[in-house]
Amino acid sequence: MHTNITSYIFVLMKLTEYFVPTLKEEPADSVIPSHKLMVRAGMIRQLTAGVYSYLPLGLKVFKKIENIVREEMNAIGGNEFYLPALSPNELWHQTGRLEDYGDDIFRIKNRELVLAPTHEEVFTSIAKPNLISYKDLPKIWYQIQTKFRNEARPRGGVLRGRQFTMKDAYSFDATWEGLDESYNKNDKAYRNIFTRSGLKFFVVSAFSGAMGGSKSEEFMVETEAGEDNVALSEDNSYASNVEVAVSYCETVARKNSNLSLEEFHTPDIKTIDELAGFLGITDKSRLAKSRVFVIPGKEEKDNKYVEVLVCGDDEVNETKLHNIFSGIRAAHPDELSEITGADAGSIGPVGVEGKLKVIADLRLKEADELISGANKNDYHVKNIDLKRDVPGIEYFDIRTVKEGELTLDKNSKLRITKAIEVGHIFKLGTKYAEALGAKYLDKEGKEQVIIMGSYGIGIERIAAAYIEQNYDKDGIIWSGEISPFHVQLICVNTKLENVKQKADSIYNDFIKLGIEVLYDDRGDISPGFKFKDADLLGMPLHVIVSEKNLKNDEVEVKIRRTGERMKIPLAEINSKIPELLKNIN
RNA sequence: CGGGGUGUGGCUCAGCCCGGUUAGAGCGCCUGGUUCGGGACCAGGAGGUCGGAAGUUCGAAUCUUCUCACCCCGACCA
């Protein structure tokens with residue numbers, strides 16, 4: 001499938017022979033800049049929701065990214081595979097993921113097959129009969145392949161599609177120390193890949209969610225188009241997905257006034273804000289927000305219920321909650337009133353023992369004089385002392401961090417921003433090897449389960465993320481290794497014999513120099529049109545050959561990113577252009 | 001899955017509320033000519049079952065119902 005990589009890289013092209021359908025107007029179906037620009041620059045076209053055709057220019061960029069990925073994976077000893085996208089339902093059933101993935105997996109209607117969204121199972125099925133001795137380990141196996149996910153809502157063009165290219169790698173180790181090593185190798189490869197791709201990225205620790213396993217880190221690119229909220233410290237010492245981020249936060253101080261509980265009437269008060277307004281106070285930290293969650297049992301009667309308390313100015317972080325109680329979900333409104341006797345807005349921690357387990361955020365650990373719902377509609381209770389009034393209460397970190405809070409070491413402030421995930425590395429552990437029975441014999445001849453890691457990169461996402469970080473009002477701004485071409489050579493007037501001849505000869509010189517050049521040799525197109533197209537396509541350097549410059553034995557060169565222009569004598573082109581390119585990249 | 005929106009030549013859209021000749025514009029495309037350093041100009045031309053189905057009506061792009069597709073926000077999810 002990917003036999004001759006260099007053939008993609010050293011393709012030299014004349015625009016008269018190349019299919020690059022640029023668009024002057026913005027496509028109606030796109031919203032984010034990278035999507036608009038990839039369509040306008042003739043890189044991609046949508047076929048149906050979340051599914052894109054890759055046109056020659058887009059494919060060239062994707063192949064360059066793949067090549068970087070391939071080089072870096074090979075550099076850490078990775079073996080490249082190419083596995084089928086079709087795989088039997090049975091294999092997925094064995095690990096329980098046929099069920100776990102649910103509607104997100106594409107199923108073939110007339111065979112018991114799925115279109116694979118990832119390849120842990122298939123790789124493990126190859127490992128099982130072949131990696132059977134400690135001598136066979138460790139291994140890093142990977143592929144660059146099309147993945148299929150039935151995304152509920154594809155968006156952002158190629159940023160979240162139903163069909164996309166992924167580099168997925170898997171490590172197989174005999175020991176946990178070995179897994180650490182494999183993980184670190186992949187981590188290093190990833191840093192190289194994203195650096196070479198020209199991305200400004202950062203790494204966050206992340207909850208591994210449906211994948212199972214322990215440690216996992218995401219490689220993120222900051223962009224407005226991102227789908228994840230991340231907390232970054234201003235000194236760059238801390239980066240974390242908001243789902244798991246922590247901050248330094250003052251606890252609610254204990255007053256030790258020992259006032260007794262007091263119920264009071266709060267007609268139609270449903271929210272913390274309304275309650276604060278009703279009481280005429282601005283500090284909401286003592287208005288304890290109560291939310292009820294359910295841990296579903298085998299049958300409904302086995303359900304367990306948890307009341308979660310956070311400060312009124314905080315939000316419950318459901319991911320953190322999941323990490324404490326797996327399978328937990330928010331209670332439905334009817335469940336709420338059934339369990340507590342009140343509707344949302346009037347629920348509180350007092351008098352619920354036996355019915356509900358109560359947990360509270362760490363900020364509330366010492367708190368007294370709290371106000372919360374009375375478990376009776378339109379009533380609240382004041383002077384709640386959690387230690388005194390809520391027997392069996394436990395404390396966890398279950399709040400969501402907020403912009404401007406201090407890092408745990410108090411050295412820096414957090415800001416919350418949006419980012420797109422371009423890569424993810426996991427320490428999977430033994431989940432898949434266990435489920436599929438992939439074992440090896442150790443030195444003592446004892447059977448052991450293979451320990452796995454899993455490492456993914458979205459190829460098209462890298463391109464889209466790059467564009468999100470590198471564009472202006474005129475178009476894309478390419479630079480570095482993933483730029484489809486180094487130079488766009490513009491022949492301003494193809495009708496003038498001497499201009500055309502000179503441009504042709506420069507084109508041929510560039511080929512000899514190994515410069516990748518996109519040559520705009522189109523006739524019947526006005527100079528302005530060519531300049532606009534060149535800006536849209538965004539090659540790092542534009543070399544402009546025109547009659548007026550040739551009179552002085554010069555060409556004009558424009559640096560796309562800065563707009564800087566300069567004249568270069570014809571005699572110096574072959575030395576100057578490579579030099580300029582070096583400085584840009 | 002919940003909410004909102006949009007489907008009219010290749011592209012971007014107007015027309016629809018308030019039904020009435022051959023359904024429009026700009027861009028693109030074809031022919032000829034003039035242009036040629038920031039998406040040129042003139043003249044001529046091709047191209048549309050108005051997403052689909054059913055209905056109301058003398059008459060439907062326009063009204064009604066159903067349906068399909070796509071986009072956005074959210075939910076969900078790597």
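Each of A:N323, A:V294, A:L321, A:V308 was scored for a side-chain contact (heavy atoms from CB on, under 4.5 Å) with A:I328, with one residue passing: A:L321.
A:A152 comes within contact range of at least one nucleobase, with a heavy-atom separation under 4.0 Å. Within 4.0 Å (heavy atoms only), A:K147 reaches no atom of the nucleic acid at all. Across all strands shown, A:D103 has no heavy atoms under 4.0 Å from either base or sugar-phosphate atoms. Here A:S30 lies out of heavy-atom contact (under 4.0 Å) with every strand. Residue A:R40 is in base contact, counting any heavy-atom pair closer than 4.0 Å across all strands shown.
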I need a per-nucleotide contact map over nucleotides 30-37 of chain B, read 5' to 3'. Cutoff is protein heavy atoms under 4.0 Å; write B for the base, S for backbone only, - otherwise. -----BBB
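Residue-to-nucleotide contacts include no donor-acceptor pair under 3.5 Å from the side chain of A:R155 to the base of B:C71. The base of B:G26 sits within donor-acceptor range of the side chain of A:E25, with an N or O pair under 3.5 Å. Judged by atom type and distance alone, A:R522 does not reach the base of B:G39 through any side-chain donor-acceptor pair under 3.5 Å.
Nucleotides B:C29 and B:C73 have their C1' atoms positioned 38 Å apart, rounded to a whole Å. Across the P atoms, B:U31 and B:C16 are found 37 Å apart, a figure rounded to whole Å. Spacing of C1' atoms, B:U22 relative to B:C41, comes out at 30 Å, to the nearest Å. One P atom belongs to B:C58, the other to B:G15, and the distance between them is 29 Å to the nearest Å. Nucleotides B:C66 and B:A23 place their C1' atoms 26 Å apart, quoted to the nearest Å. Distance check on atom C1': B:C11 versus B:U67 gives 27 Å, rounded to whole Å.
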Could you tabulate the donor-acceptor pairs under 3.5 Å formed by side-chain atoms of residues 559-568 of chain A, not counting sequence neighbours?
{"unit_1": "A:R560", "atom_1": "NE", "unit_2": "A:I476", "atom_2": "O", "d": "3.3"}
{"unit_1": "A:R560", "atom_1": "NE", "unit_2": "A:D535", "atom_2": "O", "d": "2.9"}
{"unit_1": "A:R560", "atom_1": "NH1", "unit_2": "A:D472", "atom_2": "OD2", "d": "2.9"}
{"unit_1": "A:R560", "atom_1": "NH2", "unit_2": "A:D472", "atom_2": "OD1", "d": "2.7"}
{"unit_1": "A:R560", "atom_1": "NH2", "unit_2": "A:G475", "atom_2": "O", "d": "3.3"}
{"unit_1": "A:R560", "atom_1": "NH2", "unit_2": "A:I476", "atom_2": "O", "d": "3.4"}
{"unit_1": "A:R560", "atom_1": "NH2", "unit_2": "A:D535", "atom_2": "O", "d": "3.1"}
{"unit_1": "A:R561", "atom_1": "NH1", "unit_2": "A:N470", "atom_2": "OD1", "d": "3.1"}
{"unit_1": "A:R561", "atom_1": "NH2", "unit_2": "A:N470", "atom_2": "OD1", "d": "3.1"}
{"unit_1": "A:R561", "atom_1": "NH2", "unit_2": "A:S479", "atom_2": "OG", "d": "3.4"}
{"unit_1": "A:T562", "atom_1": "OG1", "unit_2": "A:E564", "atom_2": "N", "d": "3.1"}
{"unit_1": "A:R565", "atom_1": "NH1", "unit_2": "A:E556", "atom_2": "OE2", "d": "2.8"}

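The pairing partner recorded for B:G44 is B:C30, the criterion being a Watson-Crick or G-U wobble arrangement whose two distances lie under 3.5 angstrom. Across all strands shown, B:A69 forms a Watson-Crick or G-U wobble pair, both distances under 3.5 Å, with B:U6. Nucleotide B:G39: unpaired (no Watson-Crick or G-U wobble partner with both distances less than 3.5 Å).
Between A:R153 and B:C76 there is no side-chain N or O to OP1 or OP2 distance below 4.0 Å.
If you check B:C70, B:C72, B:G39 against the side chain of A:V31, the one that comes closest is B:C72.
Applying the side chain to side chain donor-acceptor pair (under 3.5 Å) test to A:S87 and every residue at least two apart in sequence or in another chain returns A:W92. In terms of the ring-ring contact (aromatic ring centres under 6.0 Å, His included) criterion, residue partners of A:F81 (sequence neighbours excluded) are, by chain and number, A:F123, A:W141.
The side chain to side chain donor-acceptor pair (under 3.5 Å) analysis of residues 33-42 of chain A, with sequence neighbours excluded, yields the pairs A:E26-A:K36, A:S34-A:E468, A:H35-A:Y52. The salt bridge (Lys or Arg N to Asp or Glu O under 4.0 Å) contacts involving residues 155-165 of chain A comprise A:E151-A:R160, A:R155-A:E227, A:R160-A:E227, where partners must be two or more places apart or lie in separate chains.
Taking the six-membered ring where the residue is Trp, the centroids of A:Y54 and A:F62 are separated by under 6.0 Å.
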